[in-house]
Amino acid sequence: EIGILAKSYIDQGQLIPDDIMTRLVLNELKGLDRFNWLLDGFPRTVAQADALDKECQIDTVIDLDVPFETIKCRLTARWIHPASGRVYNLEFNPPKVQGVDDITGEPLVQRDDDKPETVTKRLQAYDTQTKPVLEYYRKKGLLKSFSGTETNEIWPHIYAFLQTKLPHVSQKDAATPR
């Protein structure tokens, strides 16, 4: 139910309100206190950061400083095959035939939140709300920033940094999403 509500905001190019997003994330974090975990895209507001800090001990915050134009180009080039969830990117992982899934031959679609006007709105909202969060964690001495435009350029630095925090995590484990 809460996921459907969250999707309605995303489809309109809006960020999910703090109370909804915080409930979703904190519910998922219950029972993970004995594990190391990494959140991607949360918290996005100071209110979310404050709520997270009240529930969890945060060790570090990583900021990926990527130009918005780079992000916009990547997202707007993303197309999906709805039935399977296969994702294509017109720049670095294009389908063999433009607009068609490689396996089924069915048409690809662009998600509403990947359309240029929606991406622009989301990036503007993200920038407005996130700068204060970065400052919040910078003041706490927890923020580490990495700049670049390519994963291959940024990842080795992030991995080396994470090794100082979690030396027992292998490169293979670090590359495996959970």
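We're numbering straight along the sequence, starting at 1. Because only heavy atoms are used, hydrogens play no part in the values below, and waters and symmetry mates are left out as well, while side chains stay in. All figures in this text were calculated on a predicted structure; none of them were measured in a lab.
Atom CG of Asp127 has more than 12 heavy atoms from other residues, nucleotides or ligands within 6.0 Å. Heavy-atom neighbours of Gln98 CD from other residues, nucleotides or ligands within 6.0 Å: at or below the threshold of 12. Other residues, nucleotides and ligands place more than 12 heavy atoms under 6.0 Å from the CG atom of Leu32.
Side-chain contact between Glu135 and Lys139 is present, with heavy atoms from C-beta onward closer than 4.5 Å. Counting heavy atoms from C-beta outward, Leu29 and Trp37 have side chains that approach closer than 4.5 Å. The closest side-chain heavy-atom distance from Trp79 to Asp101 is not below 4.5 Å. The closest side-chain heavy-atom distance from Leu52 to Leu39 is below 4.5 Å. Contact check for Leu143 versus Tyr136: no side-chain heavy atoms found under the 4.5 Å cut-off. Between Leu90 and Pro95, the closest side-chain pair of non-hydrogen atoms falls below 4.5 Å. The side-chain heavy atoms of Ser84 and Thr104, taken from C-beta on, include no pair separated by under 4.5 Å.
Although no hydrogens or angles enter the test, the distance criterion places a donor-acceptor pair under 3.5 Å between the side chain of Thr45 and the main chain of Gln48. Checked by atom type and distance alone, the side chain of Asp114 never pairs as donor or acceptor with a backbone atom of Ala77 at under 3.5 Å. The main-chain N or O of Gln124 is found under 3.5 Å from a side-chain atom of Thr128 such that the two form a donor-acceptor pair. In this structure, Gln110 contributes its side chain and Thr76 its backbone to a donor-acceptor pair below 3.5 Å. With hydrogens and angles disregarded, a donor-acceptor distance shorter than 3.5 Å links the side chain of Arg122 to the backbone of Asp113. In this structure, Asn89 contributes its side chain and Arg74 its backbone to a donor-acceptor pair below 3.5 Å. Proximity of a side-chain donor or acceptor of Thr120 to a complementary backbone N or O of Pro116 within less than 3.5 Å is detected. Formation of a donor-acceptor pair under 3.5 Å by the Ser8 side chain with backbone atoms of Leu5 is found in this model. Here the side chain of Lys72 pairs no donor or acceptor atom with the backbone of Leu123 at under 3.5 angstrom.
How far CD of Glu28 is from NZ of Lys30: 10.0 Å, rounded to the nearest 0.5 Å. If you take OG1 on Thr164 and NZ on Lys144, they are separated by 8.5 Å, rounding to the nearest 0.5 Å. Expressed to the nearest 0.5 Å, how far CG of Leu38 lies from CG of Asp59 amounts to 11.5 Å. With rounding to the nearest 0.5 Å, the separation of CG in Asp112 from CD in Glu117 is 9.0 Å. Rounding to the nearest 0.5 Å places CD1 of Ile62 at 13.0 Å from OH of Tyr137. One distance of note links CD1 of Ile4 with NZ of Lys7; it measures 9.5 Å at 0.5 Å rounding.
Among His157, Lys165, Gln163, the single residue meeting the side chain to side chain contact (heavy atoms under 4.5 Å, CB included) criterion with Phe161 is Lys165.
Note on Asp102 versus Arg86: no salt bridge recorded, every NZ/NE/NH1/NH2 to OD/OE distance being 4.0 Å or above.
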Output, in order, the C-alpha distance, side-chain angles, deciding distance and verdict of salt bridge (charged side-chain N to carboxylate O under 4.0 Å, His left out) for Asp53 and Lys140. CA-CA 11 Å; Asp53 284 351; Lys140 290 179 168 250; 3.3 Å; yes
Report the C-alpha distance between Arg44 and Val133 in whole Å, list the side-chain angles of each, state the deciding distance to 0.1 Å, and finish with yes or no for side chain to side chain contact (heavy atoms under 4.5 Å, CB included). CA-CA 7 Å; Arg44 287 191 176 160; Val133 174; 5.7 Å; no
Would you please test Ile158 and Leu64 for side chain to side chain contact (heavy atoms under 4.5 Å, CB included) and show each step? CA-CA 9 Å; Ile158 295 169; Leu64 300 180; 3.3 Å; yes
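Partners of Phe68 according to the ring-ring contact (aromatic ring centres under 6.0 Å, His included) rule, which considers only residues two or more places apart in sequence or in another chain, do not exist here.
Under the 4.5 Å side-chain contact rule for hydrophobic residues, Val109 and Val100 do not share a cluster. Ile80 is not connected to Ile10 by any chain of hydrophobic side-chain contacts under 4.5 Å among Ile, Leu, Val, Met, Phe, Trp and Tyr, and they are in different clusters.
In the model, Asp19 has no side-chain atom that pairs as donor or acceptor with a side-chain atom of Thr22 under 3.5 Å.
Shortest non-hydrogen contact noted between Ala83 and Glu106 is CB-OE1, 4.3 Å. Scanning all heavy atoms of the two residues, the minimum distance from Pro43 to Ala49 falls at CB-N, 3.4 Å.
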